Number of protein chains: 2
Amino acid sequence: MTEPEKTFSRIQLRNRKRILDAALEVFSQNGFRGSTLDQIASEAGLSKPNLIYYFSSKEDIHRTLLVDLLDIWLQPLRDIDATGEPREELLQYVQRKLQMSKEMPRESRLFANETLQGAPRLTEIMEGGLKDLVDEKAAIIDGWIAEGKIAKVDPVHLIFSIWALTQHYADFEVQIRAILGKKDPFKGAEIFLDMVFRKLLDPNT
Amino acid sequence: MTEPEKTFSRIQLRNRKRILDAALEVFSQNGFRGSTLDQIASEAGLSKPNLIYYFSSKEDIHRTLLVDLLDIWLQPLRDIDATGEPREELLQYVQRKLQMSKEMPRESRLFANETLQGAPRLTEIMEGGLKDLVDEKAAIIDGWIAEGKIAKVDPVHLIFSIWALTQHYADFEVQIRAILGKKDPFKGAEIFLDMVFRKLLDPNT
DNA sequence: GTCTATAATGCGATAGAC
DNA sequence: GTCTATCGCATTATAGAC
C-alpha cells in the first residue's frame, strides 16, 4: 500500500517549486481563505490555469506546502539527543527554533494561521505524529530530571514554552517591530531567551 | 473635534450587542476574509440585510469589535502599579493574562489573526497607544531593577514573553489539547508559568 | 425595523485554441 | 505546456415591499 510513484520532469519540478514558493509567500500572509489563486499566480509569474495544470486545486497547493514544510519545521525537535548534555541540548533547541523564526518567518506564520483557525487542514497530517514526537522527547527530559541534570519542570509545558517564546517573534513580528522601533528583535530575543531557560533549567534551584 | 454623539435605543443596543457577539465568534475562528456575513447573521439569529442596517459594512463590524475589545484586552497591563510589590505585580500580571486566555480565547485569537496577517486593520488603532503603554511599563520595571527588587532582565522582552507564553494557550489551543489529551492545559500552565517567572525575576541570581 | 429579492463583484476552476 | 476567455458559484451590499 505505498503511494503511486510520482515522477516529474526538470521543468515540472522547477515550476512546482516556483508555485510553492509563491504560495508560501501568499498563504502565510493571508491565510488559506484570504489568499487567491490570482495572487499566487502573479507572485509565481505564471497564469492561473497554469497553476491548476501543476496542482489540481488551491487546496492541493496548500496541502502540499504544509506536508513539505512540517518535516523541516519539526526537525530541531527530532534532533534533541538523549545522550547529549541536557542543558546544552535544550538551550540549543531554543536557539535553533529562534533562528528558524528569524530565517523562516513565513513558515512560522503559515502554521500559525492554520493552527489558530482550528488546524482544519493540518490535523490529519500531524495526527499521531506530533503527539508521539512530543511524548518521546518529554520522556527524555523526564529522564534528565530524574538524574538531577536539570531542574524539575513539566516537560510538555517546557516544550510549549519554547514554541511560544520563539515563534512569537515571527508570528507577531509586526507588533514587536512597532514597539521596539529600530532595535533588532532577534538580537535581544537571543540574549533574553538564553537567560530565561538557563535560569529555568538550573538544577540548583 | 469630538466624535458626533451616537445614541442608541434599547433595542438597537441589544441587537448591536448580539451582532458583535456573533462576529467575535466568527471572526476569531476564521479571520476577517475567511468570515462571511451569512455566518455572522446566522450566529446572531438575524438576517444579513439586518446586519447592514446596524453596521454600515463587514469592515465596520470588525473595526467596532477590535476597538471595543482592545481596551479590555490591555487593561491588565495598564494595571501594573509602580507602587506595588514588584514581583507580585508581575506575577499577578502573568496570571491575569493567563486567565484571560482561558476565559476569553476568542478575543485572543481575534487579535492574533489580525496581527499575524500584518495587522492591516489594527495598526491605526494601536499606533501611538500601545508603544507608549509598553514604554511606560518598561520604565517602571527598569526602576524595580535599579532598586534591586527584581533580577536584571530586558523589560520589553519580559513583556513580550508574558504575552507569548499566556496567549499561546488560547491561540494554539487545538494543538495543545491534541498533545495533552485529557489533561487541563490551564491547570498545568498556571503552575508552570508561575515557576518560570518566579525564577526569572528572583533578584538573587 | 425587518424581510425577500437581486444587483455587482470576486474567485476557483474549466474549455478550448495554440 | 501555456494561454485567453468564460462558466458557475459565493459573497457583499442595495432596493424596495411590508
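Computed from a predicted structure; not experimentally measured. What's counted below: heavy atoms across the whole structure, side chains too, no hydrogens, waters or symmetry copies. Order of the sequence lines sets the chain letters (A, B, ...), proteins ahead of strands, with each chain counted from 1.
Residues passing the side-chain hydrogen bond (donor to acceptor under 3.5 Å, both in side chains) test with A:Glu25, sequence neighbours excluded: A:Arg106. With sequence neighbours excluded, no residue forms a salt bridge (charged side-chain N to carboxylate O under 4.0 Å, His left out) with A:Asp21. Qualifying side-chain hydrogen bond (donor to acceptor under 3.5 Å, both in side chains) partners for A:Thr36, counting only residues two or more places apart in sequence or in other chains: A:Gln39. The side-chain hydrogen bond (donor to acceptor under 3.5 Å, both in side chains) search around B:Gln99 returns B:Glu103, not counting sequence neighbours. Qualifying side-chain contact (heavy atoms from CB on, under 4.5 Å) partners for B:Ile52, counting only residues two or more places apart in sequence or in other chains: B:Leu37. Legend: residues meeting salt bridge (charged side-chain N to carboxylate O under 4.0 Å, His left out) with A:Lys149, ordered by chain and number and at least two apart, are A:Glu147.
Sorted by first and then second residue, the ring-ring contact (aromatic ring centres under 6.0 Å, His included) pairs with a member in residues 87-106 of chain B form an empty list; sequence neighbours excluded.
For the pair A:Arg33 and B:Gly34, the tightest heavy-atom approach, listed with the atom from each and the gap, is NH1-O, 3.0 Å.
Taking the side chain as every heavy atom from C-beta outward, A:Lys97 and A:Trp163 approach each other to under 4.5 Å.
The pair A:Asp60-A:Arg63 counts as a salt bridge, with a side-chain nitrogen and a carboxylate oxygen less than 4.0 angstrom apart.
Interface residues of residues 53-65 of chain B facing DNA chain C, ordered by number: B:Tyr53, B:Tyr54; criterion, heavy-atom separation under 4.0 Å. Scanning residues 29-40 of chain B for heavy-atom distances under 4.0 Å to DNA chain C yields B:Arg33. DNA chain C is contacted by no residue of residues 19-27 of chain A, taking any non-hydrogen atom closer than 4.0 Å.
Nucleotides of DNA chain D that come within less than 4.0 Å of any heavy atom of chain A span, from the 5' end to the 3' end, D:dG1 to D:dT11.
Each of B:Lys48 and A:Ile11 was matched to the nucleotide of DNA chain D holding its nearest heavy atom; the match closer to the 5' end belongs to A:Ile11.
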For residues 78-86 of chain B, which side-chain N or O atoms pair as donor and acceptor with protein atoms under 3.5 Å away, sequence neighbours left out?
| residue | atom | partner | partner atom | Å |
| --- | --- | --- | --- | --- |
| B:Arg78 | NH1 | B:Asp71 | O | 3.2 |
| B:Arg78 | NH1 | B:Gln75 | OE1 | 2.8 |
| B:Asp79 | OD1 | B:Gln75 | NE2 | 2.9 |
| B:Asp79 | OD2 | B:Arg96 | NH1 | 2.8 |
| B:Asp81 | OD1 | B:Thr83 | N | 2.9 |
| B:Asp81 | OD1 | B:Thr83 | OG1 | 3.0 |
| B:Asp81 | OD2 | B:Thr83 | OG1 | 3.0 |
| B:Glu85 | OE1 | B:Glu88 | N | 3.1 |

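Using cut-offs of 30° and 60° for the angle between ring planes, the B:Phe27 and B:His62 rings count as perpendicular.
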